[in-house]
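Below, chain A is the first sequence line, B the second, and so on; all start at residue 1. Please read all numbers here as calculations on a predicted model, not as lab measurements.
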Amino acid sequence: MTTIRTRFAPSPTGYLHVGGARTALFNWLYARHTGGRFILRIEDTDQVRSTEQSVQAIFDALQWLEIDWDEGPFYQSQRLPIYNNYIDRLVTEGHAYYCTCTPEQIEAMREKARATGAKPRYDGTCREKGLAPSPDAVVRFKAPLDGGSTVVRDVVKGDIVFANEELDDFVLRRTDGMPTYNFAAVVDDVTMTITTVIRGDDHVMNTPKQILLYQALGAPLPTFAHVPMVLGNDRTRLSKRHGATSVTAYRDMGLLPDAFINFLARLGWSFGDQEFFKRAELIEKFSLERVGKSAGVFDPVKLNALNADHIQAATPLQLVPHVRPFLQAQGWDASDDAYLQGVIHTLQARSKTLQEMALQAHFYYAADLALDAQAAQKFLTATVLEPLKYLKEQLAALPSFNEKELETVFVQLMEKFQLKLGKIAQPVRVALTGTTVSPGIFEIMAVLGKQRVLERLDRAIEYIGKR
RNA sequence: GGUCCCAUCGUCUAACGGUUAGGACACUGGCCUCUCACGCCAGUAACAGGGGUUCGAAUCCCCUUGGGAUCACCA
């Protein structure tokens, strides 16, 4: 049994988008599942569109997703000698040839073909000329002229047959000396001994060309797995119009990386009825056989729901490093880990995103908490003045501040003033949080601690006295 | 337009010839309850259409329709 070797080969022409992330994920999962190797390769042969920042953006996104690679990153721009070697070999063996037709001539060819209703393709002008290398010559592949066909054996799509006459003599190396995508990808996959090519199904039309190249090179074919596209809500290719497509944008919105990969995995892949997967579970259960064939719509609502599940399933300790940046972005000093864990514990079940959690944590960190005018007006009334004063006294006398004891104090208070919990809870909530919506008041008090609670009760009592 | 792929609730999907077509998100109702959530229970909702094959089709075949991908010296 040979070791499985997969690769993710993005072109650095922008940030890593959702579809690319899923391709990377599937390759990574498959390699991890099979105990194979996952290779990262940067396809930067497009000199004008490739940028340094894009490479960095891809690294950042993969790092956030915790998708690590075993080999690379390899840069195609640094492998020119290798491609040139194979070009020479292909030319001497008669599989490729130099061509000096200009782009204008090619365009004219296509125009003519279109006019007569034929397929726009290279007409083979230089095919048999036996031209020598020159600065303005490209190298073209000699596509087979036999009326044969090339079949792509795809693990997710099944066998796909292409008539060879659909192919033309495509360019392998440009006049600037750079290899083209199909050629560089094949040479790399051959030399890196990639066993399994997993990529978006927008690449199926390239595959017969690549198979022909494998054959010309005398190299064994890898297994192909073309995974379906990710669509926007209008069933067209996902783009900016549909909202964020950059992976790191989801990080910044407060998604957990494990939730994001869970969502991405379930978009196109399934394991019975199971929706929730921890990372290790994904690795354990992933298989190419269970990848579906049809394109799926990216649903941010479901992504958030799954994120909420992952937030709930995590421990406060695990969430600390993920939540802290969002708190800091709000301007809070979130350096106290123990306090933060308490905060997280009370907010976990109420937050779909880390961003939401940070917003809801406002009252835990605001030094000079403002009371919502409407809430104060409605709940901080004269009738609760005495109960609040009593509460403050009782709490001040409490040796420790835990939920059980706090509850006991409230039971006594309710009895003494003949109040239902519903009548006193909201005023207390407003006093402590400034609003009418929050976690349970006992848990809040336990986290806030005696000092803050007493201060805030004081301020509420003061407020009532002034109205 | 040529070539190629795809087709189950609004969305993600299960089903691998025999099920009252299941689950999840969303939505609606109820329960729980100190607010909001969480949780629990219940409900609405799908096999694109037409032909075959078969005792029996969501499942296999063909056609139609609809959607998508791709047709570069981009990747």
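Taking the C1' atom of each, B:G66 and B:G49 are spaced 10 Å apart, rounded to whole Å. B:U11 and B:U44 are spaced 16 Å apart, taking the C1' atom of each and rounding to whole Å. Rounded to the nearest Å, the gap between the P atom of B:A46 and that of B:G23 is 14 Å. B:A24 and B:G39 are spaced 12 Å apart, taking the P atom of each and rounding to whole Å. Atom name P, nucleotides B:C47 and B:A21: the rounded distance is 12 Å, in whole Å. B:A14 and B:C71 are spaced 29 Å apart, taking the P atom of each and rounding to whole Å. Using C1' as the reference atom, B:U53 and B:A58 are 16 Å apart when rounded to the nearest Å. Rounded to the nearest Å, the gap between the P atom of B:A57 and that of B:G50 is 14 Å.
Between A:Leu354 and the choices A:Ile344, A:Leu347, A:Leu327, A:Ile311, the side-chain contact (heavy atoms from CB on, under 4.5 Å) rule is met once, by A:Ile311. Screening A:Phe271, A:Trp28, A:Phe277 for a side-chain contact (heavy atoms from CB on, under 4.5 Å) involving A:Leu282 leaves a single residue, A:Phe277.
Distance from the side chain of A:Val437 is smallest for B:U35 among the nucleotides B:A75, B:G39, B:U35. Which of B:U11, B:U35, B:A75 sits closest to the side chain of A:Arg350 comes down to B:U35. Set against B:G23, B:U13, B:A75, the side chain of A:Asp273 has B:G23 as its closest nucleotide. Taking every side-chain heavy atom of A:Ser11 into account, B:A75 is the closest of B:A75, B:C38, B:C12. Distance from the side chain of A:Arg266 is smallest for B:G23 among the nucleotides B:A75, B:G39, B:G23. Side-chain proximity of A:Phe162 to the nucleotides B:C12, B:U3, B:A75 is greatest for B:U3. In this structure, the nucleotide among B:A72, B:U35, B:G68 sitting nearest to the side chain of A:Arg110 is B:A72. With B:U3, B:G67, B:A37 as the candidates, the nucleotide lying closest to the side chain of A:Ala349 is B:A37. Looking at the side chain of A:Leu267, the nearest of the listed nucleotides B:C6, B:C12, B:A69 is B:C12.
Annotation for A:Val297 and A:Asn233: closest pair CG1-CA, 3.7 Å, computed over non-hydrogen atoms.
Here the P atom of nucleotide B:C71 and the CE atom of A:Met109 are 19 Å apart, to the nearest Å. A:His226 has its NE2 atom 13 Å from the C1' atom of B:A75, to the nearest Å. Here B:C71 presents its P atom at 13 Å from CG of A:Asp201, a figure rounded to the nearest Å. For the pair A:Phe277 CZ and B:A14 P, the interatomic distance rounds to 11 Å; values are reported in whole Å.
Looking at heavy-atom distances under 4.0 Å, A:Thr175 makes contact with a base. The residue A:Arg237 sits close only to the backbone: its heavy atoms come under 4.0 Å of sugar-phosphate atoms, none of a base. Within 4.0 Å of A:Thr13, counting heavy atoms only, lies no atom of the nucleic acid at all. Note on A:Glu275: a base of the nucleic acid sits closer than 4.0 angstrom, heavy atoms only. Contacts of A:Arg290 with the nucleic acid, taken as non-hydrogen atoms under 4.0 Å apart, involve only primed sugar atoms and P, OP1 or OP2. At a threshold of 4.0 angstrom between heavy atoms, the contacts of A:Arg235 are confined to the sugar-phosphate backbone, with no base atom among them. Residue contacts for A:Val301: at a heavy-atom cut-off of 4.0 Å it reaches the sugar-phosphate backbone alone, with no base atom in range. Contact annotation for A:Cys101: base contact, defined as any heavy-atom pair under 4.0 Å involving a base atom. Looking at heavy-atom distances under 4.0 Å, A:Gly268 makes contact with sugar-phosphate atoms alone, never a base. Contact annotation for A:Asn206: base contact, defined as any heavy-atom pair under 4.0 Å involving a base atom. In this structure, A:Thr436 reaches the bases: a heavy-atom distance under 4.0 Å links it to at least one base atom across the strands shown. A:Arg199 comes within 4.0 angstrom of no nucleic acid atom, judged by non-hydrogen atoms across all strands. Looking at heavy-atom distances under 4.0 Å, A:Pro120 makes no contact with the nucleic acid at all. Using a 4.0 Å heavy-atom distance criterion, A:Leu421 is classed as a base contact.
Of the N and O atoms on the side chains of A:Tyr83 and A:Thr45, not one donor lies less than 3.5 Å from an acceptor on the other residue. Between the side chains of A:Thr191 and A:Arg79, at least one donor N or O sits under 3.5 Å from an acceptor N or O.
Put simply, the side chain of A:Lys157 and the base of B:C5 share no donor and acceptor less than 3.5 Å apart.
Here the side chains of A:Arg350 and A:Pro439 are in contact, with some heavy-atom distance below 4.5 Å. The shortest side-chain heavy-atom distance between A:Leu371 and A:Leu380 falls under the 4.5 Å cut-off.
Pairing partner, B:C31: B:G39, with both Watson-Crick or wobble hydrogen-bond distances short of 3.5 Å. Nucleotide B:A58 has no partner under the Watson-Crick or G-U criteria, as no pair reaches both atom distances under 3.5 Å.
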Contact list (N/O, under 3.5 angstrom) for nucleotides 40-49 of chain B vs protein:
none

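Between A:His203 and A:Val156, the residue anchored closer to the 5' end of RNA chain B is A:Val156, taking for each the nucleotide with the nearest heavy atom. Comparing A:Ala305 and A:Ser294 by the nucleotide of RNA chain B that holds the closest heavy atom to each, the one mapping nearer the 5' end is A:Ser294.
Between A:Phe141 and A:His95, the angle of the ring planes stays under 30°, which puts this pair in the parallel group of the 30/60° scheme.
Both the sub-6.0 Å distance and the 45° axial angle are satisfied by A:Arg22 relative to the ring of A:Phe26.
Expressed to the nearest 0.5 Å, how far CG of A:Leu167 lies from CE of A:Met205 amounts to 9.5 Å.
Considering only side-chain N and O atoms, A:Lys302 lies nowhere under 4.0 angstrom from the phosphate OP1 or OP2 of B:U11. For B:A75, one of the phosphate oxygens OP1 or OP2 lies less than 4.0 angstrom from a side-chain nitrogen or oxygen of A:Thr45. Between B:A72 and A:Arg140, no contact under 4.0 Å exists linking OP1 or OP2 to a side-chain N or O.
With a 6.0 Å radius and a threshold of 12 heavy atoms from other residues, nucleotides or ligands, A:Lys392 has its NZ atom at or below the threshold.
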